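The figures that follow rest on heavy atoms only: side chains count, while hydrogens, waters and symmetry mates do not. This one's a predicted model, so the numbers in the text were calculated from it and none came from an experiment.
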Amino acid sequence: MNDSTDRPVRTRYAPSPTGPQHIGGIRSALFGWLYARRHGGQFILRIEDTDQKRSVPGSLEQILEAFDWLGMDIDEGPAQGGDFGPYIQSERLPLYRKWADWLVERGYAYKCFATAEELAAMRGAGAGYDRRYRGLPAAQVADLEAQGRLFVIRFKMPLTGKTSGQDMIRGSMSFDNSALQDAVLLKSDGFPTYHLAHIVDDYHMQISHVSRAVEWLPSFPLHLQIWDAFAWRKPQFAHLPVLLNPNGKGKLSKRKERFVDGGGKAVPVLAHEFMDAGFLPAAVMNFLTNIGWNYGDNQEIFSTAQAAKRFDLKDVNPANSAYPIAKLEWLNNQYIQTAEADYLARALKPILEEAGFNVDDDRLRQLVPSLRVRLKTLNDVLPMAGFFFADWASFEAPVADILVQRKMDRAGTVEILRGALPALEQLDGDFKPDEQHAAMAAYARNCGYKNGQVFGSLRAAVSGQKVSPPTFDTMAILGKAESTRRIKLAIDALSRELA
RNA sequence: GGCCCCUUCGUCUAGCGGCCUAGGAUGCCACCCUUUCAAGGUGGAGACACGGGUUCGAGUCCCGUAGGGGCUACCA
């Protein structure tokens, strides 16, 4: 087998257009993409829609959207064009037919007239296709064809011997030919199967490295044999490990029921679910790159550009991985903490707006610094800070359960709030957080309550929530007038209940 | 069932024969900081699946077993 790498690196992602993009597929694509970027090569997108039954309209758009969101740029493909198109297999049908015929003419493949019933009977007997049409005399073949019998073209797999090849991840591999069937190359509807189509295309598109999921490993020897029948220069192969469900049981699938993490949140599996859940594309890329491969230097956080300087298919871990989704939330928070303020504000705005809030840009920008450290996902902004964007005029004091802190009672809370009011009103109009802090700390000392009790009561009074950005940041953004108004509202509410 | 691949802390991983009394990260626990929640800091519990070889020496190489995953379609 030809292992030389003295040719331009061209890798590809060749999904079937079956709808939403699965994160497992995206990760496979990522590895091919990184390899191309590492070597200054091309990354090609090819749509494998040879199963008409499974094709779903709009798939290409979803694929493109996912790649665009993640920042994986495509050099050639259905949308980008290129010198080796078309990049959609259903538009290349004559090519597959031509090469299928070529194989038949040279005795590497044959026409098989087995009917669905025959095949079902063979399967029922426990074995696969028994090659009953493999040695049919030419005259009989012609006769069957003349009768209008439907046929497929099957590859004439060697019956004995071994086929060996190199896998970039696993090294030398050898397979017994006797275990392989005479695979269908061209279906009776004139469409090729994956086995034929991907080889014809990888050859014509000058793909140098084929990286694909491990489920293709059993048919690797078949593919090697087909490449050899054509006498085409083979690419190098890397059979990528796959993602398993978070519990390690079974391949991660979009068809199975959704997994739920410890906190009851749905585990994102489809590309659009990562967008919808408020993850940053950079974090998702970092996350995916770290499964089955690692940057080295004990460094967990790195950019795609950094990864592209070190990535090699040879270094990919051969073992499948449970989907480590818990790490993504941590990573996402790390990225949010260091993201540009403008970028964050822009990302947060539509989330707030979709929730029905009227977003003031200045206010949002003001909020970002105190928010970023506590957002695991962008969507967390809603429960944390949505109240800033609600209609302030219609704010109502929260219920006592929220107002009264741990180790506090109603009377004490009222006492704290009443005492805090004049001290806050004394401050100047800027209402700076550190000035509030100084004033309230001094007040706490005098009134005999702890800082936490004072600050916490204020937080609940002004935000209406138990959890919020830092109390004094919150009050600074609300402003002195609104803050004190809300404190009075809280006092009134609690007093009423006491009376 | 047959064939193929895989196997280091719960999880993601480092390790490519001696540097390993096995390193990092996440998650978990504790403490510190503290203005809730976080973040941050410090510390802790936590793994070479098992059994045989090979070797002066094995997490690292070989074989077997077990477990996991996959393929076994006119799906990819």
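In this structure, A/Ser468 reaches the bases: a heavy-atom distance under 4.0 Å links it to at least one base atom across the strands shown. A/Pro470 comes within contact range of at least one nucleobase, with a heavy-atom separation under 4.0 Å. Using a 4.0 Å heavy-atom cutoff across all strands shown, A/Pro17 reaches no nucleic acid atom at all. At a threshold of 4.0 angstrom between heavy atoms, the contacts of A/Val152 include nucleobase atoms, whether or not backbone atoms are also involved. Contact annotation for A/Phe472: base contact, defined as any heavy-atom pair under 4.0 Å involving a base atom. Among the heavy atoms of the strands lying under 4.0 Å from A/Gly292 are primed sugar atoms or P, OP1, OP2 only; no base atom is included. Contact annotation for A/Pro469: base contact, defined as any heavy-atom pair under 4.0 Å involving a base atom. Among the heavy atoms of the strands, none lies under 4.0 Å from A/Met440. A/Asp176 comes within 4.0 angstrom of no nucleic acid atom, judged by non-hydrogen atoms across all strands. A/Glu118 comes within contact range of no nucleotide atom at all, as no heavy-atom separation falls under 4.0 Å.
Nucleotide B/G27: unpaired (no Watson-Crick or G-U wobble partner with both distances less than 3.5 Å). Here B/U55 sits opposite no nucleotide as a Watson-Crick or G-U wobble pair (both hydrogen-bonding atom distances under 3.5 Å). Of all nucleotides present, only B/G2 satisfies the Watson-Crick or G-U wobble test against B/C71, with each distance under 3.5 Å. Pair assignment for B/U65: B/A49, on the basis of Watson-Crick or G-U wobble contacts that are both within less than 3.5 Å.
Distance A/Trp216 CH2 to B/C75 P: 11 Å, rounded to the nearest Å. Per the geometry, CG belonging to A/Leu328 stands 17 Å off C1' belonging to B/U13, to the nearest Å. Atom OH of A/Tyr110 is separated from atom C1' of B/C74 by 13 Å (rounded to the nearest Å). What separates CD of A/Glu329 from P of B/C28 is a distance of 11 Å, to the nearest Å. Nucleotide B/C4 holds its P atom 13 Å from the CG atom of A/Asn177, rounded to whole Å. To the nearest angstrom, P of B/C3 lies 20 Å from NE2 of A/His239. With rounding to whole Å, A/Gln405 atom CD is found 7 Å from B/U36 atom C1'. Separating the CE atom of A/Met122 from the C1' atom of B/C74 is a distance of 12 Å, rounded to the nearest angstrom.
Residue A/Lys53 places no side-chain N or O under 4.0 Å from the OP1 or OP2 atom of B/C74. When the side-chain nitrogen and oxygen atoms of A/Gln453 are compared with OP1 and OP2 of B/U34, none of them lie within a distance under 4.0 Å. Note on A/Asn290: every side-chain N or O is 4.0 Å or more away from OP1 and OP2 of B/G24.
B/G46 and B/G27: their C1' atoms are spaced 11 Å apart (whole Å). With P as the reference atom, B/U35 and B/C29 are 23 Å apart, rounded to whole Å. Spacing between B/C63 and B/U7 at atom C1', rounded to whole Å, works out to 16 Å. Taking atom C1' in both B/U72 and B/U55, the straight-line distance is 41 Å, to the nearest Å. Rounded to whole Å, the separation between the P atoms of B/U65 and B/C4 comes to 12 Å. The C1' atoms of B/U60 and B/G15 are separated by 8 Å, rounded to the nearest whole Å.
Of the listed nucleotides (B/G40, B/U35, B/U11), B/U11 has the atom at the smallest distance from the side chain of A/Ala322. With B/U7, B/C75, B/C3 as the candidates, the nucleotide lying closest to the side chain of A/Arg54 is B/C75. Side-chain proximity of A/Asn294 to B/C12, B/U35, B/U13: nearest is B/U13. Closest to the A/Leu119 side chain, of the nucleotides B/C74, B/G70, B/C75, is B/C74. In the set B/C4, B/C37, B/A76, the nucleotide with an atom closest to the side chain of A/Met384 is B/C37. For A/Thr471, the side-chain atoms get nearest to B/U35 when compared with the rest of B/U35, B/U11, B/C4. You'll find that the side chain of A/Asp51 is closest to B/C75, out of B/U13, B/C75, B/C6. Checked against B/U36, B/U26, B/G69, the side chain of A/Leu244 finds its nearest nucleotide in B/G69.
Place A/Gly128 and A/Val467 on RNA chain B by their nearest nucleotides, and A/Val467 ends up nearer the 5' end. Taking for each of A/Ala179 and A/Val373 the nucleotide of RNA chain B with the nearest heavy atom, the 5'-most of the two is the partner of A/Ala179.
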Checking A/Phe237 against A/Arg212 for the side-chain contact (heavy atoms from CB on, under 4.5 Å) test, could you report, in this order, the C-alpha distance in whole Å, the side-chain angles of both residues, the deciding distance, and whether it holds? CA-CA 8 Å; A/Phe237 297 89; A/Arg212 65 209 327 183; 3.8 Å; yes
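Residues A/Lys187 and A/Thr50 come closest through the heavy atom pair NZ-O, 2.9 Å. Here the closest non-hydrogen pair linking A/Asn286 and A/Glu300 is ND2-O, 3.1 Å.
Residues A/Phe311 and A/Phe31 form a side-chain contact, since some pair of their non-hydrogen atoms from C-beta on lies under 4.5 Å apart. Side-chain contact between A/Cys112 and A/Tyr129 is present, with heavy atoms from C-beta onward closer than 4.5 Å.
Between the side chain of A/Arg374 and the base of B/U36, at least one donor-acceptor pair of N or O atoms lies under 3.5 Å. For A/Ser188 against B/C74, a side-chain N or O and a base N or O form a donor-acceptor pair under 3.5 Å.
The aromatic rings of A/Tyr194 and A/Trp216 sit parallel to each other, their planes meeting at less than 30°, with 60° as the upper class boundary. Ring geometry for A/His437 against A/Phe455 counts as tilted: the plane angle lies between 30° and 60°, on a 0 to 90° scale.
A/Tyr323 pairs in a side chain to side chain contact (heavy atoms under 4.5 Å, CB included) with only one of the listed residues (A/Val242, A/Asn247, A/Val267), which is A/Val267.
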